[in-house]
A.B. asks: 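The structure under discussion is supplied below as structure tokens; questions concerning it will follow.
In what follows, chains carry the letters A, B, and so on, assigned in the order in which the sequence lines appear, proteins first and then strands, with residues in each chain numbered from 1.
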Amino acid sequence: MTEVLQAILAAIPSASVELVRNPGPSGQHSLLVGRDHALAVAEFLRDTLGFDFCSNVTGVDWLPHKVKQTVLRKEGADAKEVRETVEREVPGFLEAVYHLYSIAKKSGPLTLRVRTGDRAGDVSVPSLTPVWKSAEFQEREAYDLFGIRFTGHPDLRRILMWDGFADHPMRKDYVAPDDCEYEPTPHGAVLARVNARTEAA
Amino acid sequence: MLDEELRADLQKRGIFVASFEGLYNWGRKNSLWPLQFGLACCAIEMIATAAARFDMARFGAEVFRPSPRQADLMIIAGTVTKKMAPLVVRLYNQMAEPKYVIAMGACAISGGPFKEGYNVLKGIDRFIPVDVAIPGCPPRPEALLEGLIKLQKKIGGQRLFGANRARHADAGDPADYPVPVCGAHDLVPPLNPAVFQPRPVRRAEA
């Protein structure tokens with residue numbers, strides 16, 4: 001992964017690419033690519049590094065959240081190092097995730113992440129369909145369910161929900177229509193809804 | 001009505017006596033033409049039911065019609081998504097009376113495992129009347145045959161005249177059921193109150 005990162009930075013020095021480490025035992029690290037150079041990076045990955053197959057495109061909805069970070073800080077006259085936990089607010093954003101393989105080199109997956117500016121207005125990322133044709137339907141799916149707008153996509157329409165649908169159901173703040181009023185053994189939130197409805201009627 | 005004992009006695013002597021209603025129902029119950037369409041994995045079981053091993057032809061229901069105009073049985077075989085629901089209701093409206101509906105599988109009955117999902121209709125009985133519901137996920141071909149036999153029994157017992165006549169014999173019965181529209185957030189309307197009233201369910205207080 002670091003070799004890929006270095007190759008990208010050597011070829012496209014202006015690109016903002018960083019390695020996102022996965023601390024889990026699987027160690028599936030990924031590359032976070034800035035929106036401005038995503039298309040150039042994708043073309044480089046395909047043409048020079050041989051990632052000729054994009055198997056999966058999906059989305060992630062990141063709500064605004066807090067990140068705790070432990071930093072070392074020098075304090076006092078003797079410059080003693082002090083550990084300090086800093087809490088940082090991260091604004092919400094949407095993320096498109098691409099899984100790339102190289103059939104020619106029998107390698108992969110390489111995980112590529114591209115992030116939008118926020119979750120409401122600035123939700124566009126460049127489409128990678130011009131680079132990998134197989135991304136077309138899956139980018140449409142990510143647009144349909146997450147509301148990520150892929151600029152440069154040849155045919156960006158909803159693919160699963162109907163055209164007049166207004167919401168993006170896979171977003172974390174999506175509220176499904178309340179049509180679950182009958183259930184043989186209601187429990188939890190459904191039971192509360194059923195009882196509220198019965199009392200209102 | 002003819003006495004059953006007398007009828008059996010006459011039959012032994014070579015005289016067959018039947019009511020018009022009985023003959024009519026006998027004819028149509030043994031020649032049900034299902035509409036040829038499947039929605040999900042239940043359709044695979046439906047296809048198996050129609051094929052050689054289970055052979056739905058034994059019960060006279062093998063003529064799957066690709067047009068609703070020629071079909072009189074609709075087998076809802078699988079998950080009905082909200083996107084598909086208006087089309088299913090429209091196909092039902094296009095079928096000629098008398099027509100019957102079998103809801104096959106958990107999804108067609110209630111939404112099944114997708115009941116709390118955002119895109120699945122929680123049972124086709126919200127929009128059209130269902131005659132036989134077959135539970136299962138998916139039901140085996142034997143279960144579909146059992147459902148078909150249940151439907152045949154129901155058809156055989158239907159009255160054509162009188163106060164408790166069949167739905168299709170009632171001139172006041174609606175020929176068309178309202179087709180829902182895919183709205184901005186959900187189907188509009190989400191259910192047809194004329195055919196479906198949600199039953200209030202309360203669990204005993206613990």
Side-chain angles (χ1 to χ4, degrees), chain A residues 58-61 63 94 119-121 123 137-149 155-201, chain B residues 39-40 79-90 103 105-127 130 133 135-137 179-193 195-206:
Chain A
T58 186
V60 185
D61 180 17
L63 290 174
L94 301 165
R119 299 174 70 251
V123 289
F137 275 19
Q138 302 195 56
E139 282 184 349
R140 277 179 66 185
E141 190 183 341
Y143 161 68
D144 189 351
L145 302 183
F146 288 95
I148 305 170
R149 296 201 71 91
D155 182 25
L156 194 66
R157 287 177 293 136
R158 286 183 179 272
I159 191 167
L160 297 173
M161 304 306 285
W162 52 89
D163 286 335
F165 195 66
D167 308 324
H168 301 292
M170 293 296 277
R171 287 214 188 172
K172 284 174 180 168
D173 52 2
Y174 171 72
V175 181
D178 182 13
D179 55 359
C180 206
E181 65 284 276
Y182 171 70
E183 201 174 293
T185 53
H187 53 272
V190 177
L191 178 66
R193 280 210 309 259
V194 167
N195 284 343
R197 196 189 297 256
T198 319
E199 271 148 30
Chain B
L39 296 173
T79 316
V80 188
T81 58
K82 285 177 181 171
K83 202 173 173 180
M84 193 67 189
L87 312 176
V88 173
V89 178
R90 192 175 297 279
C107 296
I109 295 171
S110 69
F114 314 110
K115 191 175 174 66
E116 289 184 45
Y118 56 89
N119 64 334
V120 171
L121 188 68
K122 277 87 190 162
I124 192 63
D125 56 343
R126 281 166 192 246
F127 289 111
V130 172
C137 188
V179 178
V181 179
C182 289
H185 305 284
D186 196 7
L187 287 174
V188 184
L191 55 87
N192 180 3
V195 293
F196 182 83
Q197 293 89 28
R199 205 148 45 110
V201 177
R202 301 198 71 144
R203 198 163 52 172
E205 299 295 327

A.B. asks: Give the member of Tyr174(A), Phe165(A), Trp162(A) that has the highest number of heavy-atom pairs under 4.5 Å with chain B.
C.D. replies: Trp162(A)
A.B. asks: Determine whether more than 12 heavy atoms belonging to other residues, nucleotides or ligands lie under 6.0 Å from atom CZ of Arg149(A).
C.D. replies: no
A.B. asks: Pairs in or reaching into residues 164-177 of chain A: which pass salt bridge (charged side-chain N to carboxylate O under 4.0 Å, His left out), with residues at least two apart or in two chains?
C.D. replies: Arg119(A)-Asp173(A)
A.B. asks: Residues of residues 80-90 of chain B under 4.5 Å from chain A (heavy atom pairs)?
C.D. replies: Lys82(B), Lys83(B)
A.B. asks: Closest approach of His185(B) and Pro177(A), non-hydrogen atoms and distance?
C.D. replies: O-CG, 3.8 Å
